[in-house]
Amino acid sequence: MSDEARSAELRALQAALAAEHAAVYGYGVVGGKISAARRSEARAAYDAHRARRDALTREVRDLGGQPVAANAAYALPFPVGDSAAAVRLAARLEERVAGVYADLVRAATGARRGSAAAALREAAVRAVRWSGESVAFPGLAERSFGEGTGAAGTTPSASASVSP
């Protein structure tokens with residue numbers, strides 16, 4: 001692999017790791033507001049994102065990089081005051097994570113590309129479950145949301161409190 005390709009792959013891995021950090025934070029918020037009927041679904045997604053985050057941390061190190069750290073807190077894209085807003089946030093988190101994994105699929109090769117494609121598929125399926133809607137090319141529609149938000153639909157914020 002050329003140095004340029006390796007560098008692009010490492011950047012895409014770091015972006016995916018940053019998105020997973022934001023998703024883990026976001027699901028902490030979701031878990032606090034989601035209805036009891038969907039709590040196990042939120043917990044499963046939270047656990048999946050934690051596992052992906054941990055795997056990406058190892059992959060970044062394997063490529064010789066220093067894994068990007070999670071922010072202390074993130075500003076949410078909208079207020080999450082009830083279960084309906086928590087469901088919308090969960091869908092947004094998954095849509096944004098899918099976008100980052102689409103970038104990783106483009107940058108990666110071999111087994112890492114397959115793993116990224118699986119993560120993209122899982123995020124797209126969770127997004128459909130949360131929103132009830134699907135898109136033709138998961139991970140690509142998110143590009144229309146603009147540049148101001150983080151990979152998982154959140155922005156770093158020193159004023160928000162940290163959720164477990």
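Being a predicted model, the structure only gives us computed values, none of them experimental.
- Looking at every heavy atom in both residues, A5 comes nearest to S2 through N-OG, 3.0 Å.
- In this structure, S131 and A91 approach most closely via the heavy-atom pair CB-CB, 3.8 Å.
- The shortest side-chain heavy-atom distance between E122 and Y101 does not fall under the 4.5 Å cut-off.
- Every residue two or more places apart in sequence or in another chain was checked for a side-chain hydrogen bond (donor to acceptor under 3.5 Å, both in side chains) with Q14, and none qualifies.
- Put simply, CZ on R11 and CZ on R6 are 13.0 Å apart, with the number rounded to the nearest 0.5 Å.
- Taking S35 as the reference, nothing meets the side-chain hydrogen bond (donor to acceptor under 3.5 Å, both in side chains) condition, with sequence neighbours excluded.
- Nearest heavy-atom pair across V100 and A19 is CG2-CB, 3.9 Å.
- R126 places no side-chain N or O within 3.5 Å of a backbone atom of E94 that could act as its donor or acceptor partner.
- Scanning for side-chain hydrogen bond (donor to acceptor under 3.5 Å, both in side chains) contacts around H21 gives an empty result, with sequence neighbours left out.
- The two residues D103 and A12 come nearest to each other via the heavy atoms O-CB, 4.3 Å.
- Ring geometry for Y27 versus H49: interplanar angle under 30°, hence parallel rather than tilted (30 to 60°).
- More than 12 heavy atoms of other shown residues, nucleotides or ligands fall within 6.0 angstrom of atom CZ in R113.
- Heavy atoms only, all atoms of each residue included: A42 and V30 are closest at CB-CG1, 4.0 Å.
- Note that the CD1 atom of I34 and the OG atom of S40 stand 10.0 Å from one another [nearest 0.5 Å].
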Please set out all donor-acceptor pairs under 3.5 angstrom arising from side-chain atoms of residues 59-67, sequence neighbours excluded.
residue: E59; atom: OE1; partner: R112; partner atom: NE; Å: 2.6

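- Qualifying side-chain hydrogen bond (donor to acceptor under 3.5 Å, both in side chains) partners for D47, counting only residues two or more places apart in sequence or in other chains: R43.
- Put simply, the side chain of T57 gets close to the backbone of R53: a donor and an acceptor are under 3.5 Å apart.
- For the residue pair E20 / Y25, no side-chain donor-acceptor distance below 3.5 Å is found, with atom types taken as modelled.
- Judged as a salt bridge (charged side-chain N to carboxylate O under 4.0 Å, His left out), the pairs with a partner in residues 28-39 (not counting sequence neighbours) are, in order, R38-E41.
- Checked by atom type and distance alone, the side chain of S7 never pairs as donor or acceptor with a backbone atom of D3 at under 3.5 Å.
- Between L13 and L104, some side-chain heavy-atom pair lies under the 4.5 Å cut-off.
- When all heavy atoms of V97 and A123 are compared, the pair lying nearest together is CG1-CB, 4.2 Å.
- Although no hydrogens or angles enter the test, the distance criterion places a donor-acceptor pair under 3.5 Å between the side chain of D82 and the main chain of A85.
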